[in-house]
Protein chains: 2
Amino acid sequence: MSQSLRKPEIIKIARREGRVTVDGLVDHFGVAPQTIRRDLTELADSGKLERVHGGAVLPSTTTNIGYSERRELNQAAKVDIARVCAAQIPNDCSVFLNIGTTTEAVAGELLHHQGLLVVTNNINIAMILSQNPSIEVVVTGGNLRRSDGGLIGDLATQTIRQFQFDYAVISCSALRENGDLMDFDIQEVGVSKTIIAHSEEVFLVADGSKFERKAPARIASMAQVDLFVTDLPLSPACASFCETSGTKVLYA
Amino acid sequence: MSQSLRKPEIIKIARREGRVTVDGLVDHFGVAPQTIRRDLTELADSGKLERVHGGAVLPSTTTNIGYSERRELNQAAKVDIARVCAAQIPNDCSVFLNIGTTTEAVAGELLHHQGLLVVTNNINIAMILSQNPSIEVVVTGGNLRRSDGGLIGDLATQTIRQFQFDYAVISCSALRENGDLMDFDIQEVGVSKTIIAHSEEVFLVADGSKFERKAPARIASMAQVDLFVTDLPLSPACASFCETSGTKVLYA
DNA sequence: CTAAAAACGAGCAAAAACGAACATTTTTAC
DNA sequence: GTAAAAATGTTCGTTTTTGCTCGTTTTTAG
């Protein structure tokens with residue numbers, strides 16, 4: 001059997017069994033192990049399978065690999081920030097939580113709150129909060145961004161416009177010295193702007209590393225933020241900007 | 001973490017049984033306890049499982065016990081139905097998938113399609129489909145129903161009204177002999193009605209057990225369904241109703 | 001509470017699997 | 001038919017995985 005006939009069958013077997021072994025395929029096709037290895041390597045390169053020692057498996061959980069790695073990044077700091085932020089939010093109020101790993105950490109800390117109405121455009125946050133039956137969870141519509149489970153686009157802003165929140169917890173991709181909140185995705189910027197416009201109190205959560213990063217799209221100015229929770233001390237320039245604009249700063 | 005052929009299967013067993021033991025896995029795979037321990041330790045490190053003395057359990061965050069049990073119910077039939085249904089949907093079109101375990105199975109089968117725009121009010125479906133980068137996933141807004149990850153209420157219908165779908169795949173809680181589709185939740189009924197009104201072709205997926213159940217709210221009549229995919233033969237009364245109303249019936 | 005039993009993790013050597021390079025066979029083009 | 005190209009098989013040094021020993025920690029029984 002030639003290669004062109006082997007590969008589809010390998011995939012078929014993998015789909016049925018969930019996995020394939022080099023030995024098993026050697027028996028099945030009657031060819032040398034090296035040949036099977038070549039097949040598997042090529043199938044893995046083209047994304048059809050995932051290579052493992054001894055064989056290959058279906059690429060199942062690989063979806064948000066980049067994301068889950070990023071989530072690990074600075075996780076301790078994020079949880080500390082989240083705890084401080086959650087402590088500023090009372091029971092029995094309405095809260096918006098937007099996209100971001102730090103915001104997700106806030107969701108985790110909010111699990112012990114009671115009587116919240118939480119609206120979110122982050123599918124992971126919806127999953128997290130569904131554990132607490134005393135929290136009503138509303139999900140905005142939107143296009144699903146696979147990289148991080150965010151819902152963005154016009155549908156998201158449409159939904160948000162129908163609410164007025166007591167609190168909004170937002171994050172951003174980068175922070176500039178002059179107090180501008182920046183983001184990578186222009187579609188997300190529209191969502192964030194709408195959130196700010198429809199919230200009484202705006203909380204920004206961002207760890208210190210955000211000051212070292214650059215992003216192209218401007219969401220808002222720190223002046224529109226009521227509370228900024230972070231982990232590392234602000235630069236003098238940024239601290240004085242917050243002072244002037246009346247933005248309260250808390251350190252985790 | 002280094003991959004292994006065993007790990008996906010360990011997770012599968014853990015999902016099914018709720019827990020795994022070192023001894024049980026040693027028997028299952030025919031390897032040394034030390035090897036299983038290594039696997040479990042690594043799975044625990046990456047958050048897939050939670051290590052306990054003597055084995056491992058599912059992490060507390062991924063419980064949803066009642067739901068996942070119900071999902072197992074009649075699973076084989078659901079997958080068969082899903083496969084037949086998915087085969088009727090071409091590539092490069094727009095599809096709506098609504099709440100339901102059978103509908104979720106359809107989502108799994110649609111993973112191999114290309115160029116779809118899928119809109120759903122089921123958060124689990126959004127998660128499933130995010131694995132295929134060639135499918136654009138749009139989530140409707142709505143109140144999150146924790147029991148099954150469904151998004152319901154006015155926000156959901158609002159979103160749906162903005163689309164016109166090539167195909168809609170819907171399910172229901174119960175089916176009556178006279179061809180009425182019934183549901184438990186009145187809020188979901190509104191969503192389902194809107195879906196039907198905004199779709200060119202309506203596919204109903206429901207296993208035979210739905211005929212034995214009762215539900216209070218009427219969604220629609222079988223006459224509004226273009227294709228009904230099920231597993232068991234219909235009663236003569238129902239079959240003749242489908243005949244008269246022009247509803248095509250396929251058996252898995 | 002104490003002691004025995006079971007389970008655990010670290011380190012190490014053996015075994016299995018791996019990939020690269022090259023020889024050989026099969027297919028394809030002319 | 002031949003020659004080039006592609007696929008396959010073989011060899012061998014390297015990497016990864018696995019099983020074993022042993023001292024430590026956790027659970028269980030009394």
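Residue numbering restarts at 1 for every chain, and letters A, B, ... go by the order of the sequence lines.
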(request) For the pair B:Ser171 (side chain) and B:Ile99 (backbone), establish whether a donor and an acceptor sit closer than 3.5 Å, ignoring hydrogens and angles. (result) yes
(message) Between B:Ser134 (side chain only) and B:Gly115 (backbone N and O only), is there a donor and an acceptor less than 3.5 Å apart?
(response) yes
(message) The test is salt bridge (charged side-chain N to carboxylate O under 4.0 Å, His left out); show your working for A:Lys7 and A:Asp39 and say whether it passes.
(response) CA-CA 7 Å; A:Lys7 283 191 187 176; A:Asp39 288 344; 5.2 Å; no
Please state how far atom [atom1] in [X] lies from atom [atom2] in [N], giving the value in whole angstrom units.
X	N	atom1	atom2	answer
A:Ile36	D:dA7	CD1	P	15 Å
B:Leu25	D:dG19	CG	C1'	17 Å
A:Asp39	D:dT8	CG	P	7 Å
A:Arg6	D:dG9	CZ	P	7 Å
B:His53	C:dG9	NE2	P	9 Å
B:Leu40	D:dT18	CG	P	13 Å
B:Asp23	C:dA5	CG	P	17 Å
A:Glu42	C:dA20	CD	P	12 Å

From the list [options], which nucleotide is the closest neighbour of the side chain of [X]?
X	options	value
A:Val31	C:dG19, D:dG9, C:dA7	D:dG9
A:Val22	C:dC18, D:dT18, D:dT21	C:dC18
A:Ala32	D:dG9, D:dT18, C:dG19	D:dG9
A:Thr35	D:dT8, C:dA20, D:dT21	D:dT8
B:Gln34	D:dC20, C:dG19, C:dA7	D:dC20

(request) Mind checking salt bridge (Lys or Arg N to Asp or Glu O under 4.0 Å) for B:Asp226 and listing every partner two or more places apart, or none if nothing turns up? (result) none
(message) Does this structure show an ion pair linking A:Asp45 with A:Arg51, if we count only N-O contacts that are shorter than 4.0 Å?
(response) no
For [X] and [N], is the shortest distance between a side-chain N/O and OP1 or OP2 below 4.0 Å?
X	N	answer
A:Arg38	D:dG9	no
A:Arg51	C:dG19	yes
B:Arg37	C:dA6	no

(message) Over all strands shown, is B:Val52 touching base, sugar-phosphate only, or nothing at heavy-atom distances under 4.0 angstrom?
(response) sugar-phosphate
